[in-house]
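See below for the structure under consideration.
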Amino acid sequence: MMNTIQVRTSSRDEMMDITRKVQQAVEESGVQEGIVYIMSAHTTAGITINENADPDVKTDMLQRLADVYPWEDPKDRHMEGNTAAHLKTSTTGASQVVIISGGRLVLGTWQGIYFCEFDGPRSRNVHVKILHG
């Protein structure tokens, strides 16, 4: 079973907690034991798992990525001007896999699943593939 979660971002760089939406897809599937594969269908947006208790973690992560990959660098050659977004996506990764047990996502106490926008604002698609196992 595959679902698509539509995400609307509001800024160039943003991390949106999509954990509840992924859990909802798992519940709707009826799968009790298996895995869920979460994938961004974009070259300038990623998926990561990290702390979801302190909002400063998102702020710090986005700032550090901006430090490493500044938006404007005279050495960048990509004609669209969004090289930083591509590099950030490769760093965070385009997908994550989470175990399902008892119909629930198996995440640590403070973990959440994040959609990472690096070239917004935009409408985006996150594909969620649920496998029974």
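Values below: all heavy atoms of this structure, side chains included; hydrogens, waters and symmetry mates excluded. Bear in mind the structure is a predicted one, so any value in this text is a computation, not a measurement.
Note on Val7: it does not cluster hydrophobically with Leu62, by side-chain heavy-atom contacts below 4.5 Å among ILVMFWY residues. Residues Leu107 and Val26 are members of one and the same hydrophobic cluster, defined by side-chain heavy-atom contacts under 4.5 angstrom among Ile, Leu, Val, Met, Phe, Trp and Tyr. Transitive grouping of hydrophobic side chains (ILVMFWY, heavy atoms separated by less than 4.5 Å) brings Leu131 and Tyr37 into a common cluster. At a threshold of 4.5 Å between side-chain heavy atoms, the hydrophobic network of Ile, Leu, Val, Met, Phe, Trp and Tyr places Phe115 and Ile113 in one connected group. Residues Met61 and Met16 do not share a hydrophobic cluster, clusters being chains of Ile/Leu/Val/Met/Phe/Trp/Tyr side chains in contact below 4.5 Å.
Side-chain N or O atoms of Glu33 include one that pairs as donor or acceptor with a backbone N or O of Gly102 at under 3.5 Å. Although no hydrogens or angles enter the test, the distance criterion places no donor-acceptor pair under 3.5 Å between the side chain of Glu28 and the main chain of Ala25.
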Side chain to side chain contact (heavy atoms under 4.5 Å, CB included), that's the test. Do Ile5 and Asn125 meet it? Break it down for me. CA-CA 6 Å; Ile5 298 170; Asn125 291 316; over 6 Å; no

Just do the side chain to side chain contact (heavy atoms under 4.5 Å, CB included) check on Met39 and Lys129 with the steps written out, would you? CA-CA 8 Å; Met39 186 194 107; Lys129 178 73 174 174; over 6 Å; no

Please list every donor-acceptor pair under 3.5 Å in which a side-chain atom of residues 46-57 meets a protein atom from a residue at least two apart or in another chain.
unit_1	atom_1	unit_2	atom_2	d
Glu51	OE2	Asp54	N	3.3
Asn52	ND2	Gln111	O	3.4
Asp54	OD1	Asp56	N	2.8

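Side-chain contact between Leu65 and Phe118 is present, with heavy atoms from C-beta onward closer than 4.5 Å. At a threshold of 4.5 Å between non-hydrogen side-chain atoms, the residues Trp71 and Asp119 count as touching.
Applying the side-chain contact (heavy atoms from CB on, under 4.5 Å) criterion to Arg104, with sequence neighbours excluded, gives Gln23, Glu27. In this view, Arg124 and His42, Thr44, Glu117 satisfy the side-chain hydrogen bond (donor to acceptor under 3.5 Å, both in side chains) rule, not counting sequence neighbours.
If you check the side chains of Thr92 and Tyr114, you find no donor sitting under 3.5 Å from an acceptor.
Taking the charged nitrogens against the carboxylate oxygens, Lys88 and Asp13 do have a contact shorter than 4.0 Å, which makes a salt bridge.
Taken from OG in Ser95 to NE2 in His127, the straight-line distance is 12.0 Å, to the nearest 0.5 Å. Residue Ser29 holds its OG atom at 6.0 Å from CE of Met1, rounded to the nearest 0.5 Å. Rounding to the nearest 0.5 Å gives a distance of 10.0 Å between SG of Cys116 and NZ of Lys58.
In summary, of the residues considered (Val22, Ile38, Val36), a side-chain contact (heavy atoms from CB on, under 4.5 Å) with Ile130 occurs for Val36 alone.
Other residues, nucleotides and ligands contribute more than 12 heavy atoms inside 6.0 Å of the CZ atom of Arg122.
Contact between Ser40 and Ala45 at its shortest, heavy atoms only, is OG-O, 2.8 Å. Thr19 and Gly112 get closest at one heavy-atom pair: OG1-CA, 3.2 Å.
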